[in-house]
2 protein chains.
Amino acid sequence: MQTTTNASQSVADAITCMIADDHEVVREGLRLALSRVPNIRVVGEASDGESAVAMAQRRRPDVIVMDLRMGGIDGIEAARQIRKTNPACRIVIFTGQPERNLLTRGRDAGCAGYLLKEAPHTTIIRAIERVSGGDEFIDPALAPALASSEREGLLTNREREILQLLANGMSNNDVATKLFISQETVKSHVRHILAKLEADTRTQAVAIALREAIID
Amino acid sequence: MQTTTNASQSVADAITCMIADDHEVVREGLRLALSRVPNIRVVGEASDGESAVAMAQRRRPDVIVMDLRMGGIDGIEAARQIRKTNPACRIVIFTGQPERNLLTRGRDAGCAGYLLKEAPHTTIIRAIERVSGGDEFIDPALAPALASSEREGLLTNREREILQLLANGMSNNDVATKLFISQETVKSHVRHILAKLEADTRTQAVAIALREAIID
DNA sequence: TCGTTGATCCCCATAACGGGGGAGCGTGTG
DNA sequence: CACACGCTCCCCCGTTATGGGGATCAACGA
């Protein structure tokens with residue numbers, strides 16, 4: 001399965017790997033799985049975004065396996081910060097459920113791999129080896145979610161912003177006041193939103209956007 | 001930390017424990033954690049609801065640590081089926097994020113404990129020991145979510161039904177036609193929904209209901 | 001039995017929404 | 001430079017939603 005050596009001890013040119021996940025059992029399971037692979041060496045574990053960033057800068061691992069949901073700054077933001085100071089570091093998103101929103105944000109943050117937590121160990125190990133070699137690795141089960149995320153660019157920023165306000169119970173007039181624009185402008189935006197989301201009412205548009213994680 | 005023995009081998013009166021989770025790394029991490037506790041013995045692992053039910057009936061563990069989200073039938077339904085044929089079996093819900101809906105359904109299914117995956121090992125072990133002794137155990141971080149789930153009975157069935165239709169883009173008139181009632185009745189229901197959810201608009205009501213999983 | 005609650009229906013008013021058209025203005029891209 | 005696109009604003013119109021005030025009736029439980 002691995003490409004080098006037969007040793008049981010750490011290898012000089014091993015892939016250094018960091019784990020960032022707020023679930024202790026996940027970290028432990030992952031470390032155990034990786035410890036069986038001779039050419040992968042786990043050099044650190046973090047349980048939240050801040051410490052992941054700090055640790056990554058000190059230990060400069062080749063690869064980080066990173067959960068998206070963590071306390072403090074989330075995995076995406078942590079990835080962004082890490083790649084800003086250390087572009088050579090390859091980050092593998094390790095997520096429980098495929099969520100369009102987070103995945104595309106992960107891609108934008110410069111992540112190299114996408115794994116589901118239900119992935120078998122062999123897949124996880126392969127992903128680490130592949131991204132450390134410069135490739136991307138996308139969990140087969142995750143590919144469709146990434147593909148169908150064209151929804152991301154469907155609405156403009158302004159439209160998303162307005163839709164978010166509608167979801168918070170604001171009327172056209174409320175939105176207009178808040179954004180310092182005319183009510184007519186808001187109505188215009190809303191018409192576009194309805195057309196793009198193929199919704200009959202603003203209420204349905206909000207429901208669609210919430211379900212597809214276009215807004216929160 | 002544990003109450004009995006100093007042995008490194010399994011103990012005769014050990015708590016038998018089963019793990020049901022679709023994430024291999026979680027199962028592995030959990031098994032590793034529990035293997036360090038002398039009076040807990042892991043007697044099986046399942047990766048989906050069906051096999052969890054089948055395995056529970058064959059091996060009759062004292063305690064099952066069960067993820068809510070699994071392929072096939074989910075953890076709740078698995079718990080229900082297991083407790084139907086084996087009421088002595090104590091089930092600990094083991095979930096990533098606290099979700100009102102699933103937690104209350106878990107309680108209804110007769111589960112005895114509620115853990116977050118980010119719980120430290122000591123908490124997990126304590127939970128297993130406590131529920132095997134007949135107590136309930138609720139992760140402190142989870143208690144507020146369970147308490148605030150009064151939202152469950154807040155809306156009547158009819159109100160929930162109507163709110164669901166609103167989320168699908170129907171107008172008052174559409175709803176009235178579909179449900180064979182007067183539009184005035186729908187308006188009356190909507191007024192009540194807005195009041196109960198403390199929403200200013202139907203759109204906000206739908207957003208709230210979606211976020212709190214009152215509707216889908 | 002009486003009170004409560006859910007579901008149904010009705011009246012009124014004002015406010016908000018949905019849909020159609022057009023148009024100007026800045027930005028950025030080919 | 002021309003063109004597309006996002007954002008802004010305006011007009012028109014009819015429909016729908018919101019927020020009060022009522023009311024009736026059946027079912028359920030104290």
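These numbers were taken from a predicted model, which means no experiment stands behind them. By convention in this document, chain letters (A, B, ...) are assigned in the order of the sequence lines, proteins followed by strands, and residues within each chain are numbered from 1.
Residue B:E161 contributes atom CD, which lies 12 Å from atom C1' of C:dA7 at whole-angstrom precision. For B:I162 and C:dA7, the CD1 to P distance is 8 Å, given to the nearest whole Å. If you measure from atom CG of A:L166 to atom P of D:dA17, you get 15 Å, rounded to the nearest angstrom. Atom NZ of A:K196 and atom P of C:dG18 are 17 Å apart (whole Å). Here D:dC5 presents its C1' atom at 15 Å from CG of A:L155, a figure rounded to the nearest Å. What separates CD of A:E184 from C1' of D:dC7 is a distance of 14 Å, to the nearest Å. Rounding to whole angstrom units, CG of residue A:D200 and P of C:dG18 are separated by 10 Å. Rounded to a whole Å, the CD atom of A:Q204 is 15 Å from the C1' atom of C:dC17.
The two residues A:I82 and A:A52 make their nearest non-hydrogen contact at CD1-O, 4.0 Å. Across all their heavy atoms, A:L194 and A:A205 have their closest contact at CD2-CB, 3.9 Å. Residue A:A33 comes nearest to A:I125 through the heavy atom pair O-CD1, 4.4 Å, listed as atom of the first residue, atom of the second, then distance.
The line from CZ of B:R83 to CD1 of B:I64 is 10.0 Å long, rounded to the nearest 0.5 Å. Atom CE of residue B:M18 and atom CZ of residue B:R27 lie 11.0 Å apart, to the nearest 0.5 angstrom. A:R90 CZ to A:F137 CZ: the interatomic distance, rounded to the nearest 0.5 Å, is 13.0 Å. Atom OG of residue B:S182 and atom NZ of residue B:K187 lie 9.0 Å apart, to the nearest 0.5 angstrom. If you take CG on A:D67 and CD1 on A:I19, they are separated by 11.5 Å, rounding to the nearest 0.5 Å. To the nearest 0.5 Å, atom CD1 of residue B:I15 and atom CG of residue B:D62 are 7.0 Å apart.
Comparing the helix axis at one end of the helix from C:dT1-D:dA30 to C:dG30-D:dC1 with that at the other, each defined from 5 consecutive pairs, gives an inter-axis angle of 60° (nearest 10°).
For D:dT16, neither phosphate oxygen OP1 nor OP2 lies less than 4.0 angstrom from any side-chain nitrogen or oxygen of A:T201. Within the 4.0 Å cut-off from OP1 or OP2 of C:dT5, not a single side-chain nitrogen or oxygen of B:T156 is found.
Nucleic acid contact class of A:T185 (heavy atoms, under 4.0 Å, all strands): base.
Between B:R158 and B:E161, at least one side-chain N (NZ, or NE/NH1/NH2) sits under 4.0 Å from a carboxylate O, which counts as a salt bridge. Look at A:R126 and A:E129 and you find no salt bridge, because none of the NZ, NE, NH1 or NH2 atoms lies under 4.0 Å from a carboxylate O.
The stretch residues 169-178 of chain B has no heavy atom under 4.0 angstrom from DNA chain C at all. Shown for residues 188-195 of chain A: residues whose heavy atoms fall under 4.0 angstrom of DNA chain D, namely A:S188, A:H189.
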Protein and nucleotides 24-30 of chain D: nitrogen or oxygen contacts under 3.5 angstrom:
none

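The salt bridge (charged side-chain N to carboxylate O under 4.0 Å, His left out) pairs that include a residue from residues 17-26 of chain A are A:D21-A:K117, where partners are two or more places apart or lie in different chains.
Taking every side-chain heavy atom of A:R158 into account, D:dT8 is the closest of D:dC10, C:dA7, D:dT8. Between C:dC17, D:dT8, D:dG19, one nucleotide has an atom nearer to the side chain of B:K187 than all others, and that is D:dG19.
Counted by atom type alone, A:T177 and A:D174 present zero donor-acceptor pairs between their side chains at under 3.5 Å.
Partners of B:T85 according to the side chain to side chain contact (heavy atoms under 4.5 Å, CB included) rule, which considers only residues two or more places apart in sequence or in another chain, are B:Q57.
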